[in-house]
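Read the numbers this way: they start at 1 and go in the same order the structure lists the ligands and their atoms.
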Amino acid sequence: MIRIKKKKIALLTLASLLVIVLLVAGIVILKGRNNASEGIVPTGQVLTPNIIPRPVEFTENSGYFKLTRKTFIYVNGNSDSETEEIKRIGTYLADILMPSTGYPFKVIPSSAPKKGSIYLTTKNSDPSLGSEGYKLEVTTDKITLSAYTTEGLFRGIQTIRQMLPAEIEKAEVVKDIPWVMACVNIKDYPSYSWRGMMLDVARHFFSVEDVKRTIDLMAQYKMNRFHMHLTDDQGWRIEIKSWPDLTKIGGSTEVGTGDGGFYTQEEYTDIVNYAKERYIMVIPEIDMPGHSNAALASYGELNPDGKRVKPYTKINVGFSSFMCREEITYTFISDVIRELAAITPGEYIHVGGDEAAQTPPEDYDYFIGRINEIVLNNGKKPIGWNPFDTSSGTTSEAYLQYWNSEITAALDKNMKMIISPPGKAYLDMKYNMSFKLGLNWAGYIPTDFAYQWDPTNYAPKESILGIECALWSETIDTMDELETLAFPRLPGHAEIGWTPKELRSWEEYRQRLIPHAKRMECQGIDYYRDPNVDW
Ligand code: ACM
């Protein structure tokens with residue numbers, strides 16, 4: 001009896017001990033969970049909605065918000081005109097969500113969003129978010145996107161898109177998809193104010209439609225600068241009404257045997273406005289004094305012997321130059337810049353300045369000084385590629401676009417810089433030896449290599465305005481080819497410009513990039529399935 005009782009007591013004690021152990025373990029686990037859901041996801045840990053660029057502060061909570069036929073978009077600003085602009089942004093969001101869901105997404109100006117809705121607002125928002133930052137709160141009841149500016153709302157909308165299933169990007173109705181997004185709290189803002197892409201439309205011409213698609217593709221990664229390389233040896237792509245042969249003759253060629261093409265001023269304005277609606281500034285470039293053969297082929301008076309040079313359709317560089325000591329050159333450039341400035345609402349005009357191998361150094365120095373003055377007199381800030389900064393006429397009012405290693409002059413003059421290292425950020429470099437398109441003079445750039453750089457590797461942080469990836473078009477002339485070179489490298493450059501260096505690592509990024517393959521497929525992007533990414 002006693003023995004049995006003892007055994008019973010021992011068993012009971014063991015059982016109680018087990019209960020206590022389980023309880024304590026449970027509390028510890030729960031506490032751990034709470035901590036995880038309250039804290040910011042640590043660096044290195046993969047974010048599950050796979051957002052690119054990675055947001056600065058991110059907390060995932062339990063539960064989901066679900067889009068339904070009754071999800072409306074409520075918009076509210078600090079003034080009638082701001083509410084009107086937010087309504088436009090709400091309509092932009094609705095236009096993305098409607099085709100795949102088939103839901104109506106009515107946009108309603110109101111400060112009282114109903115349960116189940118999306119609310120976009122600048123009311124009572126935090127000035128520390130700056131001009132592009134936003135806060136996103138997703139609960140089971142509501143999505144609230146707030147920003148200090150309407151631009152911040154536009155950037156935040158790109159996050160909402162990426163938190164939904166990839167099929168949201170499809171152009172036709174997709175049935176049987178639960179349109180859910182995780183409950184989160186996000187506070188996000190960019191590291192750099194300049195996050196750009198350059199497209200060379202001179203070596204091969206790209207239509208207005210292609211350019212608009214490129215702008216849309218950039219916008220989803222929160223990029224905000226679209227640099228158009230409008231002129232080069234092989235083609236002149238922008239109508240200048242006072243010098244019509246520029247487009248009549250200079251616009252009629254491109255690399256190879258194609259017919260070239262050009263944008264009328266009205267078409268260019270259409271592009272600028274399209275970009276502006278996506279909070280992207282267009283920066284036009286007229287490359288000079290080198291890279292000028294298309295202009296020299298259009299007008300005899302721009303040449304020493306008074307005769308037009310032959311059009312050029314191959315891909316060498318460094319053989320052409322404007323006459324730097326003849327006033328006709330500056331009459332011409334003044335007309336070009338005046339007309340271009342008049343149709344460019346952005347603050348900048350890019351004047352090239354690279355690879356002027358036929359221009360004697362003292363003439364280059366003088367020429368760059370003169371064109372800086374012309375741009376400034378037209379109310380714009382000049383930007384140039386190296387060695388533009390070395391001219392005695394270049395001051396801190398101008399910006400350097402870094403593409404080769406010498407920045408001493410820019411630093412001495414306190415010039416701000418846009419960083420475009422060819423061995424990392426030139427999208428026309430081949431991914432690898434067996435890749436068909438592109439060039440390799442700056443090396444091969446697989447996707448992982450393209451992601452692993454920081455602008456501070458090239459210049460001191462305080463001098464850096466931001467980054468730009470560049471797509472030169474010697475070897476491409478279709479949108480599919482453009483996409484294959486740009487994707488999947490472009491989203492990585494967008495992240496380098498947006499996300500702080502400390503929050504970035506290839507190991508973590510690649511796990512967010514892989515699910516983006518489906519998103520790219522849903523958008524019909526002809527991306528390269530780089531074998532360096534384990535898709
Ligand atoms: C350049 O790559 N020539 C700017």
Side-chain angles (χ1 to χ4, degrees), residues 194 196-204 225-237 254-255 283-295 312 314-322 348-359 361 364 367-368 371-372 375 382-391 394 398-407 409-410 415-430 437-445 450 453 455 457-459 464-476 482 485-486 489-490 493:
W194 191 294
M197 175 188 177
M198 188 214 78
L199 180 63
D200 173 7
V201 293
R203 267 54 175 271
H204 280 103
R225 300 284 184 269
F226 182 58
H227 168 182
M228 299 182 80
H229 184 75
L230 287 169
T231 70
D232 213 303
D233 291 319
Q234 299 87 345
W236 185 284
R237 307 295 177 213
E254 60 182 13
V255 169
I283 295 97
E285 177 185 350
I286 305 294
D287 201 349
M288 47 195 171
H291 291 276
S292 50
N293 197 80
Y312 182 75
K314 296 203 176 83
I315 65 167
N316 290 333
V317 297
F319 61 88
S320 56
S321 179
F322 280 126
Y348 310 94
I349 288 187
H350 201 304
V351 294
D354 57 321
E355 295 176 314
Q358 300 305 316
T359 316
Y364 181 86
F367 177 88
I368 295 291
I371 59 173
N372 267 312
V375 171
I383 305 177
W385 303 102
N386 309 87
F388 162 84
D389 55 323
T390 62
S391 162
T394 307
Y399 295 72
L400 174 68
Q401 184 160 15
Y402 165 95
W403 76 284
N404 66 23
S405 55
E406 195 41 72
I407 57 167
M415 288 170 66
K416 291 274 187 242
M417 294 177 221
I418 300 148
I419 306 295
S420 302
K424 292 286 187 184
Y426 273 23
L427 294 168
D428 61 311
M429 291 301 116
K430 290 174 183 287
L437 302 167
L439 302 172
N440 64 0
W441 61 263
Y444 298 105
I445 312 183
W453 67 281
N457 301 345
Y458 304 92
I464 300 173
L465 205 57
I467 65 113
E468 205 172 279
C469 51
L471 183 42
W472 303 95
S473 64
E474 284 95 335
T475 66
I476 57 166
L482 184 162
L485 281 173
R489 294 183 290 196
L490 180 131
H493 298 308

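Here His291 pairs with nothing under the ring-ring contact (aromatic ring centres under 6.0 Å, His included) rule; sequence neighbours left out. For Glu355, there are no salt bridge (Lys or Arg N to Asp or Glu O under 4.0 Å) partners two or more places apart in sequence or in a different chain. Under the ring-ring contact (aromatic ring centres under 6.0 Å, His included) criterion, His229 pairs with Trp472, not counting sequence neighbours.
Arg225 CZ to Tyr348 OH: the interatomic distance, rounded to the nearest 0.5 Å, is 6.0 Å. Atom CE of Met198 and atom OG of Ser473 lie 7.5 Å apart (nearest 0.5 Å).
When ring centroids are compared, Trp441 and Tyr426 come within the 6.0 Å threshold.
Within 4.0 Å of ligand 1, contacts by protein heavy atoms are made from Asp354, Glu355, Trp385, Trp403, Tyr426, Trp472.
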